[in-house]
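Each chain gets a letter, A, B and so on, in the order the sequences are listed, and its residues count up from 1.
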Amino acid sequence: MRFPTEPSLGSDGAELPWVETLWSGTCPADKMPAWAVEIAALIESARGPATADEHTAEPVVVARMQAATDRGADCPVPPGTLHPGTAAATDGGLVRDDVTQFVVRRRRSAQAVYRAAVAKAAVVVGVLALAAATATGGPAALASFVENWIDSFLPGAAPAPSIEAPGQGQEDADRGEGGQPSTRRSQRTAGDGSPSTSGNDPTRDRQASAPGQDTSVSGVPNRQALPPGHGDAVTGQGTPPGPTDPPTSAGSEDPAGGSAGHSSGSPPGHTGTPLGHAGPPGGGPAGGGAGPAGGKGEPPGLAGSSPAQSGGAPEQSGAARGHGGSALGQDGGSPGQSGGAPGQNGPASRPGGAAGPNGGGPLADVPILGVVVRTVTSVPAGG
Amino acid sequence: VSWEGSTDVAIGGLPADVVLAAAVDGEHWALTELFRAYNPALLRYLRAQAPDAADDLSSDVWVAIARRLRHFAGGEMGFRGWLFTVARSRVIEHRRKEARRRTDPVTHERLDGPAHNGTDADPGDLVVERIAAQEAVNALVADLTSSQADAVLLRVVGGFDVADVARIMGRPAGSVRVLCHRALQRLAARCNQGSPEEVLAG
């Protein structure tokens with residue numbers, strides 16, 4: 001590239017000596033052209049001494065510089081801590097606030113990252129739990145799990161839901177283990193002796209329901225039927241109490257309706273067992289002595305693990321007992337689960353045994369994401 | 001960060017190397033001396049390039065310098081070149097932001113009248129001396145293109161030679177020389193009320 005002949009540049013493209021000194025403000029006036037004198041004056045003024053306003057920001061900027069030097073680029077300073085020299089030089093809160101705000105912003109960012117990580121972990125755990133529920137329990141167990149999981153977020157709800165595969169309660173019933181509380185929530189609510197909630201709340205029965213097992217709903221005695229032999233149990237006559245439960249101690253201790261199934265040794269707080277598990281087929285040990293036996297050794301709160309078990313209010317206990325047996329129309333649920341307090345259940349009970357031949361009810365309430373769907377779940381041989 | 005061309009220049013009465021070494025260690029006095037020595041020139045450069053954000057950009061430049069200061073190696077000329085390199089990058093970044101934002105911030109001084117200047121000096125004197133310095137800078141670059149103004153400011157305010165300006169701007173040295181020459185043509189034409197060619201030819 002050829003440079004045109006210019007007064008400020010030499011033939012080789014380099015600046016003339018006076019031009020270099022002109023830009024640096026050191027060119028003598030007699031060494032420069034006349035037209036450059038005014039330019040030289042401007043350059044000299046531009047390179048003049050510092051003015052006062054150019055130092056006004058010195059305390060603030062120097063303090064920020066020292067704070068940045070101390071912590072480096074990636075080393076945050078705890079809030080409120082500054083270098084001693086910085087604090088001495090700032091003369092007030094301006095610099096302190098400036099640096100503190102910077103640190104606080106970094107801390108907020110870290111908290112946001114933490115919250116995001118926790119939220120992601122919660123989502124992953126939820127998905128895994130749902131997958132596990134689906135794999136092990138089928139749709140009904142999944143629905144039950146979802147319902148309990150949602151309930152666990154409500155105030156005063158159970159801390160953790162339980163997942164139980166269908167048929168497990170059936171096996172328990174076949175073994176004669178009776179009176180296991182269906183869920184913690186139902187146990188708590190039924191055990192508080194509240195007659196209004198323990199016997200006729202379908203939602204609590206739904207939690208204990210499982211495919212293949214009819215969900216007993218108190219107050220609807222005709223939906224399920226007791227197998228033969230349950231009549232004695234319902235009426236509370238002629239059936240011995242549970243082997244571990246002296247009939248004398250029960251009634252007064254368990255006004256909510258002691259469960260004969262409970263007396264057979266099911267641990268309080270056992271969750272997830274569907275309603276109607278308790279009681280051996282035929283309702284023998286759990287049957288008639290339901291009321292007296294249920295209260296033995298158990299606090300009132302554990303007596304009624306489910307509405308059907310607890311029997312709830314005296315006026316509902318009869319129906320509840322009728323369902324206690326009908327819940328297991330296939331295997332003969334224990335009416336003793338629904339046995340209420342002595343003197344309440346017995347007289348008030350209706351002859352659930354009469355419906356026994358009908359076996360399990362053809363309809364059941366299957367909760368699916370909080371919506372109860374009445375479906376045909378089982379048709380026992382007796383029906 | 002490494003700049004060559006160290007010169008024996010004093011900063012605040014002390015050798016530049018001593019001051020820079022202390023500043024690298026985070027000494028408060030050294031940082032103060034650096035600020036006092038170079039902030040006027042830096043501020044004039046920034047005020048000529050980005051008048052509305054010069055003070056903020058100056059603060060950002062110094063903090064950016066401080067964060068990387070422990071990695072610095074070089075002398076006074078190297079530090080000055082590094083300082084203006086960072087400043088030029090901040091100016092370019094600021095212009096890009098301004099082009100996207102399309103706002104024209106007005107300082108409250110312009111709206112509410114004179115503001116506290118942070119000193120006890122006479123405001124009249126401050127205005128006069130500021131005009132004497134900053135207005136001279138602005139007059140130098142008033143009719144220049146952006147590249148020409150950049151080169152002239154680095155040469156006049158920053159005190160760099162052609163090689164250093166070329167390094168800061170990322171241009172060949174010959175390009176910087178041409179920029180400075182054409183800037184000088186424009187300045188001469190304005191001062192002598194004639195065309196640059198006429199001025200330089202006559």
Side-chain angles (χ1 to χ4, degrees), chain A residues 1 3-10 12-16 19-20 22-25 33-74 83-86 88-89 98 102, chain B residues 23-29 31-32 34-36 39-44 55 58-59 62-70 117-119 121 125-126 129-130 132-140 152-153 155-157 159 161-162 174 177-178 180-181 184-185 187-188 191-192 199-202:
Chain A
M1 179 177 180
F3 289 95
T5 303
E6 302 289 355
S8 64
L9 295 177
D12 58 350
E15 289 182 334
L16 298 177
V19 176
E20 290 187 10
L22 175 70
W23 290 121
S24 61
W35 55 266
V37 173
E38 189 173 352
I39 298 173
L42 283 176
I43 291 174
E44 187 175 1
S45 298
R47 294 171 60 92
T51 59
D53 67 311
E54 292 169 347
H55 292 298
T56 54
E58 177 183 318
V60 176
V61 175
V62 172
R64 290 186 64 188
M65 289 174 64
Q66 189 159 25
T69 304
D70 289 342
R71 64 170 175 259
D74 302 321
H83 192 279
T86 301
D98 182 56
F102 173 76
Chain B
V24 169
D25 293 336
E27 295 291 339
H28 184 271
W29 65 268
L31 296 173
T32 303
L34 287 178
F35 182 86
R36 289 176 180 172
N39 189 62
L42 176 67
L43 206 54
R44 291 172 190 176
D55 293 335
S58 172
S59 178
W62 281 112
V63 172
I65 289 289
R67 285 178 181 168
R68 301 287 296 173
L69 194 56
R70 55 183 173 178
N117 51 38
T119 65
D125 295 339
L126 290 176
E129 68 178 2
R130 179 168 178 173
Q134 190 64 46
E135 291 299 323
V137 174
N138 295 337
L140 277 174
V152 167
L153 286 173
R155 294 205 67 174
V156 173
V157 178
D161 58 12
V162 173
R177 278 193 289 267
V178 170
C180 292
H181 169 72
L184 192 60
Q185 279 185 318
L187 286 172
C191 293
N192 295 276
V199 171
L200 294 177

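For P33(A), no part lies under 4.5 angstrom from a heavy atom of chain B.
Here the closest non-hydrogen pair linking V137(B) and A46(A) is CG2-CB, 3.3 Å. Smallest separation of non-hydrogen atoms from R44(B) and A50(A): NH2-CA, 3.7 Å. Between A133(B) and T51(A), the shortest heavy-atom distance links the atoms CB-CG2, 4.4 Å.
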request  = Test side-chain contact (heavy atoms from CB on, under 4.5 Å) on S24(A) and R155(B) and set out the steps.
outcome  = CA-CA 7 Å; S24(A) 61; R155(B) 294 205 67 174; over 6 Å; no

inquiry  = Run V152(B) and W23(A) through side-chain contact (heavy atoms from CB on, under 4.5 Å) and show every step you take.
reply    = CA-CA 8 Å; V152(B) 167; W23(A) 290 121; 3.8 Å; yes

request  = For E58(A) and T32(B), run side-chain contact (heavy atoms from CB on, under 4.5 Å): C-alpha distance rounded to whole Å, both residues' side-chain angles, the deciding distance at 0.1 Å, then the answer.
outcome  = CA-CA 7 Å; E58(A) 177 183 318; T32(B) 303; 3.1 Å; yes

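Between chain B and the options V37(A), L42(A), L22(A), the largest number of non-hydrogen pairs under 4.5 Å is found for L42(A). For the set H55(A), E54(A), E44(A), the count of heavy-atom pairs under 4.5 angstrom toward chain B peaks at E54(A).
When side chains are defined from C-beta on, R47(A) does not count as touching V157(B), because their heavy atoms never get closer than 4.5 Å.
Remark: T56(A) OG1 to D55(B) CG distance equals 6.5 Å, nearest 0.5 Å. In this structure, CE in M65(A) is found 8.0 Å from CZ in F35(B), a value given to the nearest 0.5 Å.
No side-chain donor from either of R67(B) and T69(A) sits under 3.5 Å from a side-chain acceptor of the other.
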